[in-house]
Amino acid sequence: MDSSVFHICGLLSVAAAALVVTRRNPVYSTIYLVLFFTLISLEFLILRAPFLAIVQVLVYAGAIMVLFLFVIMLLNLTPEELREDVSRSRKVLSGAFAALIFVLLAAAIRRSDTVRDAPNLVAPIEDPGLAKAGEAPAIGTALFTTHALAFEFSSILILVAIVGAIHLTKRRGRAAPSGQGAPAQGTGEQVQAAAEASGT
Amino acid sequence: MNGLFTILDAPAAPAIGWDDLGGILPVLVLLATGSLALVLDLFLKEEASPPVPAGKWPLSFVSLLGTAVAGALLCGHIGAAGKPWSGFLGAVQVDLFSDAIGLIVVLGAAFCLLGAGDALRRRGIEQGEFHALVLYAAASMVLFVQSASLVMVFLSLEALSMAVYILTAFQRDEKRAVEGGLKYFVLGGLSSGFLLLGLAFIYGATRSTNLTDIAGALAGGQPPADSSLLVAGLGLTLIGLAFKVGAFPFHAWVPDAYEGAMSVVTGFMAVAVKAASFGVLLRVAVLFGGAGASGPGSPEARGALLAGISGLAVVTMIFGNLAALAQSSAKRMLAYSAIAHTGYLLVGAVSAMEARPGGEQAAGAGLLFYLFPYALMSLGAFICLSHLGEGAEDRESIDSLRGLAERHPAHALALLVIMVSFAGIPPTAGFWGKLFIFREAIATGHWELALVGILTSIVSVYYYLRLVVAMYMLPQEGGLPAPSLEARIGGKLALAIAAIAVVLVGLFPGIFFQISAACALR
């Protein structure tokens, strides 16, 4: 029974992902993305990774999707602004490329010994360590031993992103140095003013 | 089934101590200096108008000091010829190869910071964030090459890419900079997706995220590595890394990002990002496709990697050189030439895969030797363009360099040396770099790659010398006024060091080649 649920969820998640990229309205895309994340978390649950399943819903379907919707509504784009001028041939080309990668990866997975000899999803796992591998204590232990450096270094990644986000978006609190300085100063201010006008 | 997922087989007594931190000391120094620059900026006064020539000199001073300390630590490690050291329970591996690449990265950061003070001051954006981002990027790059776990590979790549995306768009009032940064960000995000999927496939095939364990699985572990998943994973990983080094079909971001960014940042990107990415590319290529003692666990994987990298090398060399011919902007021309040099470096990666341990040459000596003069030339050229700029503009078009020899003979001479070296004309460093790379390729039986390389190098002479002709033989035509360069010490210093080092490496290639050979992958 588990196995059929797994396959149905898989097919539905592919359909949901396709809907995400084909919708015109970004709000619809986001809603389908929520559906996609929920289906994927079900897959994780069947694959005996309960921690990952919960995190997927909490972080992605919850926090990040809210953020996405927030940004989309903040930008408040009209359908005219969203109209993409991508030529038909380009769309066909990128579609063909995506299909090619899909076929290649599917072929690789189909030929794989690991996948062919994969254990039955329904059968219980004998190895006690493996049975608990998807639960929070095992993941916590790995995070603070084998992957301690990666765990700590991710804070640098986030720090870089924060520094960059603040630099790129903060309003200049002071007048530009030397009022009649470089000629490019004027155009720069115009660009900034235009950006602010369209942002609000 | 036992040991199926070694990621979770945590040892009973985890032992991460001071030794582990000491092992990655250069990285920590760079990180600490970056944070110091961020905080220091708060205490520095805004410059009065008109801009003070010295500006916020403590920022440049502190960050340069940081790179100097990190560089000295790396040099000391190379000098001591230490054994490979593995720390953080196998998450990082420090060996001479990672030290050498790290040194090139730190060199790139130091040159960028040397030229940055003036470039930022002219634009009125001399802020600690810039210095911090350069140092964080350099730290991530050093860690990227030291990574011995797929998780660390991905995380440090993301950190370094993130910092470089922001540096590209750092001049945020400039439309081109923001455009270049955005393009780089979107395409870089796509390539990270490919890389991550590839690493996941490799994990699935070898059942470990640790490179040492993966090497064991390839050398005949039980159960054996799954070659079908491995080939798929390596293909995706190669696509991801090819994006980062700017190889041909994945180069679309290079011209725009290189042109949009400030020239000092472009130099940093062309050198440091490429050196670090090539370091990891070489590690991956030798681990999964090398003809090493452990032997390729999967002949299919080796065949796929060899075909993939050789193919990329050929098309990248041809495309980069031909596209550079048509450029009228010196900066864009150098961007396409950077793509062409990626092609030559890929040839070095191919011959590294053929090197056998115990043979005459260790894997990647040619590539490592090539990277060093390439770094000096790129940094020198881009810093010169920045150095000659005025206001928010760098000197970019080839026409704007007309008559430079009369107005600034020293700068013209330095640029001449660098262009001649780029073109690979003896006895400059660039000539030896190409010679060693092509010689290795012929010695390992890839003469067709060497042939394409030599033919495209001849083509490249045309566009490099176009710049020289503009500087020395064409009269000046209006264009930008001659900038007063008295106050610009940093850029002058960087340019002089780069030009002199190019000549020195050209005169004494033997010493540098021996160091490269000693530092190559074992």
Side-chain angles (χ1 to χ4, degrees), chain A residues 101 104-105 107-115 117 119 125-127 129-130 132-134 138-139 141-142 144-154 156-161 163-169 172 174-185 187-192 195, chain B residues 1-2 4-5 7-11 14 16 20 24 31 38 46-51 88-92 122-124 127 129 132-133 136-137 139-140 143 149 151-152 155-156 158-159 162-163 165-166 169-170 172-175 201 204-205 210 223 226 228-229 231-232 235 390-393:
Chain A
I101 290 185
L104 285 178
L105 290 184
I109 292 171
R110 181 131 189 86
R111 279 183 54 220
S112 154
D113 301 332
T114 320
V115 175
D117 308 337
I125 302 173
E126 287 111 35
D127 186 340
L130 202 56
K132 288 186 178 165
I139 290 173
T141 313
F144 284 99
T145 53
T146 330
H147 298 292
L149 181 64
F151 182 72
E152 296 295 340
F153 192 73
S154 57
I156 298 293
L157 172 58
I158 294 168
L159 179 65
V160 167
V163 169
I166 291 175
H167 170 76
L168 292 180
T169 55
R172 290 272 170 81
R174 61 197 158 84
S178 68
Q180 61 276 47
Q185 208 81 51
T187 54
E189 274 163 7
Q190 280 164 16
V191 168
Q192 197 180 346
Chain B
M1 285 302 277
N2 215 348
L4 181 58
F5 293 95
I7 182 180
L8 299 169
D9 287 348
I16 294 178
D20 293 295
I24 58 163
L31 288 178
L38 267 187
E46 289 294 340
E47 60 194 37
S49 57
F88 287 99
L89 306 175
V92 293
R122 278 192 277 130
R123 295 170 169 87
Q127 292 162 352
E129 283 93 339
L133 285 172
Y136 288 150
S140 311
L143 205 55
S149 125
V151 180
M152 279 313 296
L155 260 180
S156 46
E158 276 305 280
M162 200 72 79
Y165 302 147
I166 298 158
F170 196 83
R172 57 169 206 180
D173 295 339
E174 175 79 29
K175 210 175 157 199
F201 267 85
N210 187 296
D226 186 329
S228 170
L229 289 185
V231 169
E390 191 71 69
E393 300 281 322

Worksheet entry | For chain B, the option from A/Ile158, A/Val163, A/Ile101 that forms the most heavy-atom pairs under 4.5 Å |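 Highest number of pairs under 4.5 Å: A/Val163.
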Discussion item. Run A/Ile109 and B/Phe201 through side chain to side chain contact (heavy atoms under 4.5 Å, CB included) and show every step you take.
Written reply: CA-CA 9 Å; A/Ile109 292 171; B/Phe201 267 85; 3.9 Å; yes
Item to complete: Give a yes or no on whether the backbone of A/Ala108 and the side-chain of B/Ser228 come within a donor-acceptor separation of less than 3.5 Å.
Response: yes
Discussion item. Which one wins on heavy-atom pair count under 4.5 Å against chain A: B/Val92, B/Val231, B/Leu31?
Written reply: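 Option with the top pair count is B/Leu31.
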Discussion item. Counting only non-hydrogen atoms closer than 4.5 Å, does B/Tyr136 touch chain A with its backbone (N, CA, C, O), its side chain (CB onward), both, or neither?
Written reply: side chain
Fill in: Contacting region of B/Leu133 [heavy-atom separation from chain A under 4.5 Å]
side chain
Item to complete: Nearest 0.5 Å please: distance from the CD1 atom of B/Ile16 over to the OG1 atom of A/Thr145.
Response: 7.0 Å
Worksheet entry | Distance in Å, B/Met152 CE paired with B/Asn210 CG, rounded so as to fall on 0.5 Å steps |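 Here the rounded value is 12.0 Å.
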Worksheet item: Mind checking whether B/Ile24 and A/Phe153 have side chains closer than 4.5 Å, heavy atoms only?
Response: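 Answer no - side chains too far apart.
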Item to complete: Please look at A/Leu159 and chain B and tell me whether the side chain, the backbone, both or neither of the residue comes under 4.5 angstrom of a heavy atom of that chain.
Response: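 It is the side chain, since no backbone atom gets that close.
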Discussion item. Taking side chain as everything from C-beta outward and backbone as N, CA, C, O, which of these in A/Leu104 sits under 4.5 Å from a heavy atom of chain B? Side chain, backbone, both or neither.
Written reply: neither
